There are 2 protein chains.
Amino acid sequence: MKVFRNKFSQYVRLSEDAWTPFDDLDQRSETFEAGEDLIVAGQDANEVFVLQAGWALRYRLLEDGRRQIVNFMLPGDVFDLQSLSDLKADHTVTAITDCDVTVIPSRPFVKMLQESSHIAAAFWWSAVQEDSILREQIVRIGRRSARERIGHMLLELHRRYAGATGEETDELVMPVTRADIADALGLTPVHVSRTMSAMRRSGLIEEERGSIRLLDRERLSRLSHFDTDYLHLKKLDLLKKEMAANGKGDAAGLTQINAREKEAP
Amino acid sequence: MKVFRNKFSQYVRLSEDAWTPFDDLDQRSETFEAGEDLIVAGQDANEVFVLQAGWALRYRLLEDGRRQIVNFMLPGDVFDLQSLSDLKADHTVTAITDCDVTVIPSRPFVKMLQESSHIAAAFWWSAVQEDSILREQIVRIGRRSARERIGHMLLELHRRYAGATGEETDELVMPVTRADIADALGLTPVHVSRTMSAMRRSGLIEEERGSIRLLDRERLSRLSHFDTDYLHLKKLDLLKKEMAANGKGDAAGLTQINAREKEAP
DNA sequence: CGCCCCGTTGAGGAGAGTCAATGGCTGTGG
DNA sequence: CCACAGCCATTGACTCTCCTCAACGGGGCG
């Protein structure tokens, strides 16, 4: 439960009390093993998932076996809000590592959103952020070179991971194969391997079984034209300062950080 | 106003009365000329747009001038639901043709959604559909050949256009240059031109100043692995049959067409 | 009429794909 | 405890799709 609120605190910080309508929901915890499907394309979707621990990915398979990974899901991510419309899932979601997931039936979830506008705002932001990530993925695949794509994705995952866990290191524990990266970025595993080898040689990254260290985020950002803005977050350190200053959270139970920021010219 | 409800009727059909909370909103009509920006990246977004007539596109520019078109907006499309979170726009939206747009300030819009769950459901579906289109765009760019990309996009636009207008012809009036298509599909104008010439030669399409005729949708669908399912619509003819059978709409003001469909095994 | 934008076509080049072989690591079973 | 299988990353050689540069022609518009 921790991780999930951690992520949301990047947009609004709700007091413990403000979350009770959510906590009171009839929800269950489930564990999926690596490789298991959480959501299967074509099946009715009527539950909302919150990933508490582990990595998952959403993909689509073409008839001839080509696979496209649409996006990665990290701790704190919420999906499939699509289920709120009672439609069939159009993509499959698979666990990369073992995953702890909170599962909530859609109907009571919707009801809760209607009754608690603060929580609704938080989830709405999460949906907006996911949209932004999808759009950025389009730009990445459509108009960037292999090296730019890889660098850009590493930086995004790093930022999202830091946002969810609150950690701030150069290390990115990334349980992902070259084939996964390739299928996410519209490349082949071979070419991903080559490109990442080159990045290692030029001192941008360092790898050690399942973990990537971003050695020079500055340079990497420049090379891959990475700009955090699209994640709709404040810089983390600024956030931390505010949190320290504010103490436990304001009486209204809601701190609209982004709204406040607009006061600057 | 017609077009917009036309589109929504693909998911739920609301009686005239059910729409009054929406009609009562303090909204204004605006016209944008071809080439004008409706939304500019980096600016605060606090209005929702409904495109009533014309085509628009959402794009992002990289520092070195590369452009990626994220998606096209057709009559009936709603954007930017992002504005409901009071964030800055992360992409620019430009009119391709002259556009008639309904503009609604976010706050009253949100309030209306909270008070009218039927309308909220309709808009939610629209957002889900847009998400689906984005994901499909990722698959298209990431894992398809030039010909597949073009064919697939033509079919999508055709289907969406038909859904919005209710027309059902092979003609697609498409005010879009080769450069636009290229920037949408991650290609170059030159290669788009070549590929479309080949498609013309093999009898798939026919062009006549700003209008494309899909000569063999069957074959085109097969070639580009197109599957309407992701648009979350029923086939239009089926819908029309239902509309004819049901007459003016049910007493509750809400027909959850997709829900009903689930009864079949 | 002449300009500009757009689409087309050709020639040559490059980034990424394909095919294939090698080696490391992990897990499993004799 | 070792042998072997399976998966994954890497590297080389070659290919191909798509890109770049460039020239040309048509149509709309002042």
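These figures come from a predicted structure and were not determined experimentally. Order of the sequence lines fixes the chain letters, A, B, ..., with proteins taken first and strands second; residue numbering starts at 1 for each chain.
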Distance-only donor-acceptor hits, side chain of residues 191-199 of chain B, under 3.5 Å, sequence neighbours excluded:
| from | atom 1 | to | atom 2 | distance (Å) |
| --- | --- | --- | --- | --- |
| B:Thr195 | OG1 | B:His191 | O | 2.7 |
| B:Ser197 | OG | B:Ser193 | O | 2.8 |

Whether each nucleotide of nucleotides 11-22 of chain C has a protein heavy atom under 4.0 Å at its base (B), only at its sugar-phosphate (S) or at neither (-) is summarised, 5' to 3', as B----BSBB---
Can you sort out the partners of A:Phe72 under ring pair (Phe, Tyr, Trp, His ring centres under 6.0 Å), two or more places apart, ordered by chain and number? none
Judged by modelled atom types alone, do B:Asp80 and B:Ser83 share a side-chain donor-acceptor pair under 3.5 Å? no
In this structure, how many angstroms lie between the C1' atom of C:dC6 and the CG atom of B:Asp180, rounded? 11 Å
Let me test you: for the helix from C:dC1-D:dG30 to C:dG30-D:dC1, what is the angle between the axes at its two ends (five pairs each), rounded to 10 degrees? 30°
Which residues pass the side chain to side chain donor-acceptor pair (under 3.5 Å) test with A:Arg28, not counting sequence neighbours? A:Glu30, A:Glu47
Whole angstrom value for the distance that separates C1' of C:dC6 from CE of B:Met196: 13 Å
Non-neighbouring partners of A:Asp37 that pass salt bridge (Lys or Arg N to Asp or Glu O under 4.0 Å), sequence neighbours left out: none
Sequence-distant partners of A:Arg143, side chain to side chain donor-acceptor pair (under 3.5 Å), two or more places apart: B:Asp183
Applying side chain to side chain donor-acceptor pair (under 3.5 Å), name anything that partners B:Ser145, two or more places apart in sequence or on another chain. B:Glu148
For C:dG7 and B:Ser197 - does any side-chain N or O of the residue sit under 4.0 Å from the phosphate oxygens OP1/OP2? no
Report yes if a side-chain nitrogen or oxygen of B:Arg178 is closer than 4.0 Å to either non-bridging phosphate oxygen (OP1 or OP2) of C:dC5; otherwise report no. no
The first and last nucleotides of DNA chain D lying within contact of chain A, meaning any atom under 4.0 Å from one of its heavy atoms, run from D:dA9 to D:dA13
Could you list the residues that satisfy side chain to side chain donor-acceptor pair (under 3.5 Å) with B:Arg147, not counting sequence neighbours? none
Non-neighbouring partners of A:Asp216 that pass salt bridge (Lys or Arg N to Asp or Glu O under 4.0 Å), sequence neighbours left out: A:Arg219
Does any pair with a residue in residues 208-230 of chain A pass ring-ring contact (aromatic ring centres under 6.0 Å, His included), and if so which ones, sequence neighbours excluded? A:His152-A:Phe226
